[in-house]
Student: 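Once you've had a glance at the structure underneath, I'll fire off some questions.
Both ligands and their constituent atoms are indexed starting at 1 by order of listing.
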Amino acid sequence: MRLSDLTPHITLTLGLLAIGPTQAQDQHAHVHGLAQLNLAVEGNAVSMELTATAYDLVGFERAPRDDAERARIADARRSLLDHATLWQFNAAAGCVAEAPVLAVPGAGNHDHDHDHDGHDHEGHSDWQASYRFQCQNPAALRAIDVGAFKRFPSLETIDVQLLTANGATAVTVLSANPRITLAP
Ligand SMILES: [Zn+2]
């Protein structure tokens, strides 16, 4: 039991190294409607890192201006942390989530939006969410159904960088067919 407890952590670290954040960010283009997902399957562990534009998640990319906009940000946060809705593994794999981590630049305690002249000088912004799952039966992993398109209708495409024991592949998932296929 001790070995099987340790293995996911060791292999997950290797997986993250292989898709290091610097390299991934360099490849990211900020395009509305398009999100990026780094997805690594290593042993029992599945890790995901989603990068999406604030435009697709909340509809704007600046500090919130009123309660309605603050509520939209809070809703998006809740939805991104709701891993069971966003990522639905085929049941036989027995995947259980660890607590997801969400990074929301500039959305919370915003501090440089006081002297405003109506000009949105902050430009574009991306949100990132990270997820980790432990799967009892990773050999049974077949597919992940993506609920993110329904929750965030502005989102049309997710470019997936998939890293498994078989190597690295790039997959494009469209809202019309919201499924990441991991094995035939
Ligand atoms: Zn933008």
Student: Please, which pairs that meet side-chain hydrogen bond (donor to acceptor under 3.5 Å, both in side chains) have at least one residue in residues 170-184, sequence neighbours excluded?
Tutor: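 Listed by first then second residue: Asp145-Arg179, Asp159-Thr172.
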Student: For the Zn ion (ligand 1), find the closest N/O/S atom on His30 and give its atom name.
Tutor: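 The closest N, O or S atom of His30 to the Zn ion (ligand 1) is NE2.
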Student: Among residues at least two apart in sequence or on other chains, which ones pass ring-ring contact (aromatic ring centres under 6.0 Å, His included) with Phe133?
Tutor: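 So Phe133 forms a ring-ring contact (aromatic ring centres under 6.0 Å, His included) with His83, Phe89.
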Student: Quick one: report the N, O or S atom of His32 that is nearest to the Zn ion (ligand 1).
Tutor: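 In His32, the heteroatom (N, O or S) nearest the Zn ion (ligand 1) is NE2.
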Student: Quick check: of its N, O or S atoms, which one does His124 have closest to the Zn ion (ligand 1)?
Tutor: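 For His124, the N/O/S atom sitting closest to the Zn ion (ligand 1) is ND1.
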Student: So among Gln36, Gln128, His30, which one has a side-chain hydrogen bond (donor to acceptor under 3.5 Å, both in side chains) with Thr51?
Tutor: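 One option only clears the test, and that one is Gln128.
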Student: Applying the 4.5 Å side-chain criterion to the ILVMFWY set and letting contacts propagate, would Val46 and Leu102 be lumped into a single cluster?
Tutor: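 They do share one cluster, since a chain of ILVMFWY contacts under 4.5 Å joins Val46 to Leu102.
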Student: Of all the N, O or S atoms in Glu61, which one sits nearest to the Zn ion (ligand 1)?
Tutor: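 Considering only N, O and S atoms, Glu61 comes nearest to the Zn ion (ligand 1) through OE1.
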